[in-house]
There are 2 protein chains.
Amino acid sequence: MKKNVLIIGAGGVAQVVAHKCAQNNDILGDLHIASRTKSKCDAIIDSVREKGAMKVDGTFEAHEVDATDSEAVAALIRETGSQIVINVGTAFVNMHVLDGCIATGAAYIDTAIHEEPDKICETPPWYANYEWKKRDLCTEHGVTAILGAGFDPGVVNAYARFAIDQMDEVKSIDIVDINAGSHGKYFATNFDPEINFREFTGVVYYWEDQQWKETSMFASGHKWDLPVVGPSQAYQSGHDEVHSLATNYPQADVRFWMGFGDHYINVFTVLKNLGLLSEQPVKTAEGLEVVPLKVVKAVLPDPSSLAPNYTGKTCIGDLVKGTKDGKDVEYFVYNVADHKEAYEEVGSQGISYTAGVPPVAAAILIAQGDWDAKTMKNVEEMDPKPFFTQLDRIGLPTRVMVGGLKGEDKAWTEV
Amino acid sequence: MKKNVLIIGAGGVAQVVAHKCAQNNDILGDLHIASRTKSKCDAIIDSVREKGAMKVDGTFEAHEVDATDSEAVAALIRETGSQIVINVGTAFVNMHVLDGCIATGAAYIDTAIHEEPDKICETPPWYANYEWKKRDLCTEHGVTAILGAGFDPGVVNAYARFAIDQMDEVKSIDIVDINAGSHGKYFATNFDPEINFREFTGVVYYWEDQQWKETSMFASGHKWDLPVVGPSQAYQSGHDEVHSLATNYPQADVRFWMGFGDHYINVFTVLKNLGLLSEQPVKTAEGLEVVPLKVVKAVLPDPSSLAPNYTGKTCIGDLVKGTKDGKDVEYFVYNVADHKEAYEEVGSQGISYTAGVPPVAAAILIAQGDWDAKTMKNVEEMDPKPFFTQLDRIGLPTRVMVGGLKGEDKAWTEV
């Protein structure tokens with residue numbers, strides 16, 4: 001049994017994490033939130049207080065921390081008596097926060113793979129470049145580290161595990177992420193533009209025929225007909241969970257598909273071709289060194305600002321194909337979330353909501369012992385059933401379609 | 001009679017100016033070139049020497065100068081004994097260089113209207129905001145200042161004056177600038193991107209029915225069927241010469257049309273809507289203050305780098321309508337330039353060529369006394385005939401179509 005949670009980060013996802021932790025503070029104990037800018041943490045706590053989100057009276061305090069300084073993170077963990085750290089800061093801080101957890105014995109949860117600011121798209125499997133190198137150290141210190149416990153990666157890893165558990169043999173896992181919502185802006189990204197664009201500028205790796213294959217962004221498209229959101233054009237994208245699922249289920253093809261409209265693709269293509277999505281600094285005529293991607297981030301709307309006017313739904317799920325008792329079988333395991341409902345509950349849009357609820361479910365499972373693994377794990381290595389129970393209870397119900405996916409609540413067709 | 005030329009600036013247009021001055025140094029005397037970065041001036045002089053462009057043995061020296069410092073400009077004018085300054089630096093330095101000329105008595109020539117870095121699109125007529133305020137001072141000191149003596153503004157002002165001189169009454173002046181060349185890059189601007197984009201982000205002013213009217217960029221389009229380059233889509237744009245021609249010929253409608261392809265418009269629209277063409281600084285997440293437009297400039301190809309692979313032609317001209325002896329009459333006065341020929345002659349592409357040749361023609365006319373006005377003038381206030389003679393001699397021949405523009409060397413039609 002572990003108690004007391006330290007949240008690292010103060011963006012849109014942290015806002016959701018804070019609200020959900022508050023709603024479950026009877027299980028999670030004292031709550032703390034820390035980021036580079038303390039005022040952002042204060043604003044999140046204010047929003048929690050305004051909604052009356054704390055289930056029971058208790059502590060919720062804001063702190064300033066440089067999360068790239070693992071000793072500062074360790075000191076804050078000790079000072080706050082936190083036994084669980086939910087890291088939803090920028091992906092650049094992950095390994096530093098993990099080091100702080102290893103130093104103190106606190107459990108670690110994150111929602112995205114570690115990135116180095118000056119590198120885009122490392123060699124697959126991505127987790128082997130940073131995270132998995134620390135697995136033995138976690139085991140040695142008995143530290144629980146649950147990697148990629150957002151929605152995708154995270155819940156979709158559990159969806160894959162659940163479907164595979166129903167089969168004798170798995171043949172393919174296709175993860176499909178469709179945001180059919182509308183934010184009403186000319187253009188915006190749903191989370192940190194810097195991380196968002198970095199996802200799409202590198203090589204797209206996928207796993208087929210038991211080997212890594214490569215394509216490029218927007219080169220491999222497919223129209224998926226999903227429940228609720230309907231037919232949606234999606235493109236193969238590089239994504240964290242492909243790298244762990246391919247390692248854990250090497251016999252299965254593993255692909256990730258992200259939905260994009262023509263307008264997004266046009267804006268992205270212009271920015272990319274001009275060199276404005278580069279993470280490498282350029283020098284202006286006046287001699288100022290500046291990273292173009294950081295300027296693009298500066299001019300785009302803050303993702304958290306989209307929440308009040310965001311409408312529509314998301315559908316994210318796994319189509320898993322395999323065999324059972326000698327017959328072909330298919331599962332589509334998915335969730336549908338609503339932007340407006342998310343905003344009304346926690347003051348964030350649906351993308352932040354789907355990313356922020358799962359790490360709190362994971363924290364609850366660690367607090368209760370179910371997922372307190374005392375080593376490093378990706379989500380598909382954990383029992384999905386208690387995770388689904390918590391997700392269902394705190395806002396992200398799991399839906400399952402089985403069979404040939406015909407005649408269920410919606411047919412799954414390829415166009 | 002004036003002698004010895006100081007060129008301010010070291011970009012693609014300055015390269016052309018340098019070559020053309022060298023080719024006419026028997027008339028122009030000693031040559032000097034100065035910019036913020038002396039090495040760029042050295043490279044231009046090297047290119048002049050490589051082509052053997054100096055007509056007679058003579059001086060051509062490079063200097064470093066901060067052209068926003070009018071005293072430094074004046075000191076350099078005195079030091080070099082220059083009696084003519086051709087200012088082809090960024091439009092932000094114009095008034096400072098003019099002040100340097102007024103202080104020393106040197107003649108001043110520029111090719112674009114003065115701009116302040118933090119302002120886009122001032123109230124019309126634009127020249128009244130900065131240049132014309134110094135007209136009395138020029139008269140008082142007997143300083144010749146020829147404003148906007150590039151191609152457009154510049155040659156097109158002379159085209160208008162020439163056509164109007166053939167009429168009893170002028171009714172309209174439509175200036176059309178079509179670049180039908182291809183540089184082979186994904187996207188590039190033909191001159192300084194900062195100045196280029198600033199032209200298109202503000203209100204588009206035009207003069208009709210003896211008053212200023214407003215539209216916005218790409219809102220007013222028209223397909224013009226021009227000689228040599230053929231049918232070309234163009235859009236009303238704000239341009240310097242509309243402001244002086246409307247002042248000098250208030251009875252005429254005055255409009256400027258710039259040719260744009262769909263790809264240019266798409267890229268421009270994306271950048272503008274995202275806020276990346278803004279001249280107002282933004283702050284990155286790391287706290288760095290940066291002007292987005294300067295970053296866009298930094299990632300785009302240097303306009304001078306386009307020259308080696310640029311192919312195709314430009315057509316820039318004036319359609320002037322009026323009456324003569326009670327009958328309607330139309331003149332289309334124009335030039336056709338070739339990118340590849342320009343590169344072979346002076347190492348620059350056609351846009352730089354058409355902008356850089358005219359101020360040298362103006363300098364020759366000042367040196368010879370024809371245009372040594374001893375006050376401030378826009379080009380349409382000067383006799384166009386000796387200008388055409390010089391332009392024809394040094395690389396930009398004038399062509400004229402008269403009549404209803406039917407049955408001439410090409411019909412002029414509206415689609």
Side-chain angles (χ1 to χ4, degrees), chain A residues 9-11 35-37 40 66-68 89-90 92-93 117 184-189 191-195 197 262-304, chain B residues 9-11 35-37 40 66-68 89-93 117 185-189 191-195 197 262-304:
Chain A
S35 85
R36 192 166 43 187
T37 313
K40 288 189 177 180
D66 173 2
T68 63
T90 165
F92 304 141
V93 307
K185 305 270 184 190
Y186 173 74
F187 185 83
T189 56
F191 57 102
D192 185 347
E194 196 172 355
I195 302 299
F197 285 128
D262 291 344
H263 176 62
Y264 184 103
I265 295 172
N266 180 45
V267 171
F268 175 87
T269 303
V270 166
L271 294 176
K272 176 159 185 262
N273 284 343
L274 293 181
L276 285 166
L277 301 185
S278 173
E279 80 291 2
Q280 300 296 331
V282 296
K283 196 179 270 191
T284 69
E286 294 74 19
L288 188 66
E289 282 228 342
V290 54
V291 173
L293 181 53
K294 291 184 184 292
V295 179
V296 171
K297 173 175 171 172
V299 299
L300 289 183
D302 181 334
S304 65
Chain B
S35 84
R36 192 165 44 187
T37 312
K40 288 189 176 180
D66 172 4
T68 63
T90 166
F92 304 140
V93 307
K185 305 269 186 190
Y186 173 75
F187 186 84
T189 56
F191 56 100
D192 185 348
E194 195 171 355
I195 303 298
F197 285 128
D262 291 344
H263 175 62
Y264 184 102
I265 295 172
N266 180 47
V267 171
F268 175 87
T269 304
V270 166
L271 294 177
K272 177 159 185 262
N273 284 344
L274 293 181
L276 285 166
L277 300 185
S278 173
E279 80 291 1
Q280 299 296 331
V282 296
K283 197 179 272 194
T284 69
E286 294 74 20
L288 187 67
E289 282 227 342
V290 55
V291 173
L293 181 53
K294 291 184 183 294
V295 179
V296 171
K297 173 175 171 172
V299 299
L300 289 182
D302 182 334
S304 64

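Every chain is numbered from 1 and lettered A, B, ... according to where its sequence line falls, protein lines coming before strand lines.
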- prompt: With chain A, which of B:Thr37, B:Val291, B:Val295, B:Leu300 has the greatest number of heavy-atom pairs at distances under 4.5 Å?
  reply: B:Val295

query: To the nearest 0.5 Å, what is the distance between CG (B:Leu276) and CG (A:Leu276)?
result: 6.0 Å

- prompt: Is chain B contacted by the side chain of A:Val282, its backbone, both, or neither, given a heavy-atom distance below 4.5 Å?
  reply: side chain

statement: Closest heavy-atom pair, B:Asn273 versus A:Tyr186, reported as atoms and distance to 0.1 Å, is ND2-CE1, 3.0 Å

query: Relative to chain B, which segment of A:Gln280 carries a heavy atom at a distance below 4.5 Å: side chain, backbone, both, or neither?
result: neither

field: Contact summary for A:Pro292 and B:Val299, nearest pair of heavy atoms
entry: CG-CG1, 4.0 Å

Candidates B:Leu271, B:Val296, B:Val270 - the one meeting side-chain contact (heavy atoms from CB on, under 4.5 Å) with A:Leu274: B:Leu271

query: Using non-hydrogen atoms only, which part of A:Lys283 is less than 4.5 Å away from chain B: side chain, backbone, both, or neither?
result: backbone

